[in-house]
There are 2 protein chains.
Amino acid sequence: MARERKISLTELFAQTKQLLLEHGYEGFTFGLLADRLGVARSAIYKYFENKEELITAYMVDEMEQVFEKLTRIHDFPAFEEQFRFLLDLILYHDDLHEMIAIGKKIPETHPKVKENKRRLAQFHERMYDEVQPVIQRGKREGKMKPHLPDRVVLGYIFQSAAVPHFPGISLAEWAESIREIIMHGVLNRN
Amino acid sequence: MARERKISLTELFAQTKQLLLEHGYEGFTFGLLADRLGVARSAIYKYFENKEELITAYMVDEMEQVFEKLTRIHDFPAFEEQFRFLLDLILYHDDLHEMIAIGKKIPETHPKVKENKRRLAQFHERMYDEVQPVIQRGKREGKMKPHLPDRVVLGYIFQSAAVPHFPGISLAEWAESIREIIMHGVLNRN
DNA sequence: GCTGAAAGTGACGAATGTGTCACTTTGCGC
DNA sequence: GCGCAAAGTGACACATTCGTCACTTTCAGC
């Protein structure tokens, strides 16, 4: 019973992501976004009251997708496979941690923003809950060093996605190297 | 033959760093900085023409200090000590990589900015040149895995500083864990 | 004390971002 | 076709940042 949409939510979130990565949270404006979508700035206000709400909504959406993928970790029977899956998921998702950093800066101006941030924090916890058993299983089976704190191991794996890509080194080679370092370190076994 | 300074360059750079970490490049303004320094905004223009110039100048200053420390790596005779020194330097300098990321966003509006960015890039190269021999020495002495690309190893070590600190885990314990992972990985030797 | 030069101030016009609102456009159900 | 409601537009008032400039303050040397 209404006019056809010019703005697709998918496209809007995609461009939001792009702009956030390029300009950071404070450099993100409705004007920039509207230009990219080929639409008037005021049109975006039909969907989101301000940039805090829009950005947190985008992040919830992104988190949902990643979480969805992550839960498939339980489809693998062996620890080694689970660990490998986790590393792949994170290494080929290298912009997530930047988003997390940006998320921390968003002030809770409106109730909707507060609600979105609450959901984000919840996702974070749920992801941790999902993965920690894998880590503990690795320790229990004697495959992972027991004295390393779980949170540090997870934070470490997560952060590895941010290691810069250098020209001359392919993505696959890069990922393989990072995976090897996480598992066995840079030094030879003495 | 002039009036006493109210603005100290040291203090100015310190607050610049603070503000950059809190608000990012695009959220940094002369107004914010002037407030923190207890000075009029226009006073800062006596020293820097705009924020690009100020920020790049600060970064050059910071880089100089880090580089200065880094060169002491050659004071250590053994590879193990050099490697340990490198890790300590980076792990206890955990905001550097954020600065690098910010540096990439700065547009070259003025000649002075261009010059500063040139010097920054040069520092980057010089730091790499300083450390690469250590990596190669480790490989030559059979202590480091030869198939890992030098740049990935260095990028990796550098990036490790960004692993988040969790409450309940002391800085020392954190650093010790990270160091262990970099050297030998998270898995037990099968 | 007078002077000159560096240090700092306050106010201005220009540019950009924000949120809102009256308005137009579009398409579905009747 | 008519009407209605959702989608999108353009302009307005307000706030913030930017760079500049004429001005005042301070202090060292004469």
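Keep in mind that what you see is a predicted model, and the values were worked out from it rather than measured. A note on names: the letters A, B, ... follow the listed sequences, proteins ahead of strands, and every chain is numbered from 1.
- Proximity of B/Lys6 to the phosphate of C/dT9: a side-chain N or O atom is located under 4.0 Å from OP1 or OP2.
- When the P atom of C/dG8 is taken as reference, atom CG of B/Leu9 falls 11 Å away, rounded to whole Å.
- What separates CG of B/Asn50 from C1' of C/dA15 is a distance of 15 Å, to the nearest Å.
- Comment: B/Lys105 does not engage A/Glu26 in a salt bridge, judged by the lack of any side-chain N to carboxylate O separation of less than 4.0 angstrom.
- Residue-to-nucleotide contacts include a donor-acceptor pair under 3.5 Å from the side chain of B/Lys46 to the base of C/dG8.
- Atom-to-atom, CD of B/Glu4 to P of C/dG8 comes out at 10 Å; the value is rounded to the nearest Å.
- For B/Thr29, the listed nucleotide lying nearest its side chain is D/dT17; candidates were D/dG8, D/dT17, C/dT9.
- If you take CZ of B/Phe30 and C1' of C/dA15, they are 17 Å apart, rounded to a whole angstrom.
- No donor-acceptor contact under 3.5 Å links the side chain of B/Arg41 to the base of C/dG8.
- In this structure, A/Ile55 atom CD1 and C/dG17 atom C1' are separated by 14 Å, rounded to whole Å.
- Among the protein residues, B/Phe48 comes within range of no part of the nucleic acid, since none of its heavy atoms lies under 4.0 Å from any strand.
- A straight line from OH of A/Tyr45 to P of D/dA7 spans 18 Å, rounded to a whole angstrom.
- Nearest nucleotide to the A/Arg3 side chain, out of C/dT25, D/dG19, C/dT9: C/dT25.
- One finds a side-chain N or O of B/Tyr47 lying less than 4.0 angstrom from the OP1 or OP2 phosphate oxygen of C/dG8.
- Spacing between atom CD of A/Glu49 and atom P of C/dG17 amounts to 21 Å, rounded to whole angstrom units.
- Taking every side-chain heavy atom of A/Ala43 into account, D/dG8 is the closest of D/dT25, D/dG8, D/dT17.
- The distance between atom CD of B/Glu53 and atom C1' of D/dC18, rounded to the nearest whole Å, is 15 Å.
- The closest side-chain donor-acceptor pair between B/His184 and A/Lys145, if any, does not fall under 3.5 angstrom.
- Between B/Glu108 and B/Arg118 there is no salt bridge, since no side-chain N of the basic residue sits under 4.0 Å from a carboxylate O of the acidic one.
- If you check D/dG8, C/dG8, D/dC18 against the side chain of B/Val39, the one that comes closest is C/dG8.
- Using a 4.0 Å cut-off between charged side-chain N and carboxylate O, B/Glu176 and B/Arg179 make a salt bridge.
- For a distance-only test at 3.5 Å, the side chain of A/Ser42 fails to qualify as a donor-acceptor partner of the base of D/dG8.
- Ring pair B/Phe48/B/Phe30: centre-to-centre distance not below 6.0 Å.
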